[in-house]
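Sequence lines set the chain letters: A, B, ... in the order given, protein chains first and strands last, and positions in each chain run from 1.
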Number of protein chains: 2
Amino acid sequence: MSALLSPEELERRLREVGEARYHDKHPFHARLHSGQCSKGEVQAWALNRFTYQAHIPVKDAYLIARANDPALRRAWRQRLVDHDGDHDGEGGIERWLRLCESLGLARADVQAHRGVLPATRFAVEAYVNFVRERPLLEAVASSLTELFSPKIIRNRVEGMLAHYDFVSPESLSYFTARPEQARRDVETALGYVTVHARTPAEQQAVIAALEFKCDVLWAMLDALHHAYVAPGHVPPGAFVPVP
Amino acid sequence: MSALLSPEELERRLREVGEARYHDKHPFHARLHSGQCSKGEVQAWALNRFTYQAHIPVKDAYLIARANDPALRRAWRQRLVDHDGDHDGEGGIERWLRLCESLGLARADVQAHRGVLPATRFAVEAYVNFVRERPLLEAVASSLTELFSPKIIRNRVEGMLAHYDFVSPESLSYFTARPEQARRDVETALGYVTVHARTPAEQQAVIAALEFKCDVLWAMLDALHHAYVAPGHVPPGAFVPVP
């Protein structure tokens with residue numbers, strides 16, 4: 001039986017989860033950021049990650065639908081704005097599509113999730129269903145990987161611009177706004193779990209929710225690494241880079 | 001726009017899906033059946049596959065819950081009997097647990113899905129949700145991988161007995177009954193989709209459902225292969241074989 005943690009101690013435990021399990025520790029990211037990826041690997045990463053990006057407002061809408069508190073719904077609504085924008089051609093999903101296009105992928109293929117790894121789809125679906133079905137506290141906690149995203153984004157942008165001649169600052173515009181948005185989002189979510197995890201069991205559930213979310217991100221990179229870094233493992237029907 | 005297929009042509013198309021995508025084509029199975037796996041790899045296979053086995057009656061119960069036809073429910077009910085038995089200590093899940101124990105895994109760890117790869121959980125959850133949420137026709141069609149299972153089971157049993165001194169005929173008792181059960185089950189399911197897929201679109205949906213199910217099985221082996229065959233890729237928190 002665990003003891004009740006102070007808010008500071010809970011945050012420290014959450015940060016430990018990130019130290020151990022956030023996907024910045026995955027070998028594929030080291031490869032991506034240090035210029036070791038082929039263009040086909042970068043394409044496969046962007047294509048598969050689009051499936052994740054495209055479902056973020058879906059999971060956020062499920063969370064809003066389940067929140068009884070107008071203040072939480074209002075705060076969370078900003079995430080829909082960030083990803084979907086206010087008009088056609090705006091928002092994070094559109095910017096991710098442009099990244100895919102700048103890498104030579106056809107917009108319609110990406111939007112249709114054509115060639116996306118089944119393992120990516122399964123992981124993203126597990127995340128959406130987690131937010132839809134688990135207690136609201138855990139659904140909120142599963143967003144806390146954003147505690148760790150500003151650092152990985154900084155490394156990614158610097159690394160990709162330095163190492164790939166097919167990557168331009170414009171193509172990475174998705175990432176420009178993300179660190180500030182993540183800092184704001186994480187303040188809401190961390191504040192929420194600190195106040196609402198009132199028992200040791202609830203605090204452990206919050207920690208487990210963050211571990212689950214780290215597993216989702218890790219599994220997506222495992223699938224990419226297996227299919228595209230080790231040759232000969234692209235599963236039937238998935239994207240095959242043009243040599 | 002596809003044409004309406006005859007029942008024979010539909011079955012031929014379904015068998016083509018198996019030729020291209022069933023997991024007997026996966027390199028991990030070649031490895032497992034030809035004696036190239038370490039004991040730790042065989043343990044990891046059995047442990048992860050248990051998570052799949054344990055959810056089979058769950059997905060079958062969802063299918064029964066959605067079937068309005070007593071005859072279909074009755075036929076499908078036999079699957080519950082096969083996996084859960086009539087008494088404690090019987091049924092396919094119990095036999096799979098004994099296989100895990102015979103390989104040196106602790107029953108309680110296996111039953112708790114401890115150390116199972118997140119990618120396995122996500123794939124199994126995707127399968128259960130597919131059966132729960134997609135049209136009944138597609139849910140039935142997703143079981144049709146059993147068209148291809150008698151052959152893989154024969155190869156597996158012969159290969160594992162020939163190549164691993166830690167595998168005995170008793171430990172493989174799960175597989176004894178399966179080919180006959182699969183033949184009976186597939187007769188029901190194939191008969192159902194042949195009668196109920198009445199439009200070209202429905203026939204294409206049946207084929208796609210079988211492709212989806214093949215993707216589930218393939219993704220499970222990809223995850224195993226990545227984590228346990230290539231060294232150094234076991235994800236955080238997953239089963240680590242004792243050297």
If you take all heavy atoms of Gly237(A) and Arg21(B), which pair is closest and at what distance?
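For Gly237(A) and Arg21(B), the tightest heavy-atom pair comes out as CA-NH2, 4.1 Å.
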
Shortest non-hydrogen contact between Phe122(B) and Phe212(A), atoms and distance
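Closest pair (atom of Phe122(B), atom of Phe212(A), distance): CE2-CE1, 3.6 Å.
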
Does any backbone or side-chain atom of Ala219(B) lie under 4.5 Å from a heavy atom of chain A? Answer side chain, backbone, both or neither.
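Contact with chain A involves the side chain of Ala219(B) alone.
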
Contact origin within Pro118(B) toward chain A - heavy atom pairs under 4.5 Å:
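Looking at Pro118(B), just its side chain touches chain A.
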
Using heavy-atom distances under 4.5 Å, tell me whether Ala20(A) contacts chain B through its side chain, its backbone, both, or neither.
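Only the backbone of Ala20(A) comes within 4.5 Å of chain B.
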
Could you tell me which portion of Val216(A) (side chain, backbone, both or neither) has an atom closer than 4.5 angstrom to a non-hydrogen atom of chain B?
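Both backbone and side chain.
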
For the pair His226(A) and His225(B), name the ring-plane relationship: parallel under 30°, tilted 30 to 60°, perpendicular over 60°.
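Tilted.
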
Report the C-alpha separation of Glu125(A) and Glu125(B) in whole Å, then their side-chain angles, then the decisive distance to 0.1 Å, and conclude whether the side chain to side chain contact (heavy atoms under 4.5 Å, CB included) test is met.
CA-CA 9 Å; Glu125(A) 182 184 328; Glu125(B) 181 184 328; 5.6 Å; no

Working to the nearest 0.5 angstrom, can you tell me the gap between Phe28(B) CZ and His233(A) NE2?
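That separation rounds to 12.0 Å.
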
Of all of [options], which one pairs up most often with chain A through heavy atoms under 4.5 Å apart?
options	answer
Ala119(B), Ala238(B), Ala123(B)	Ala123(B)
Asp222(B), Leu221(B), Val124(B)	Asp222(B)
Pro235(B), Pro236(B), Cys214(B), Ala126(B)	Pro236(B)

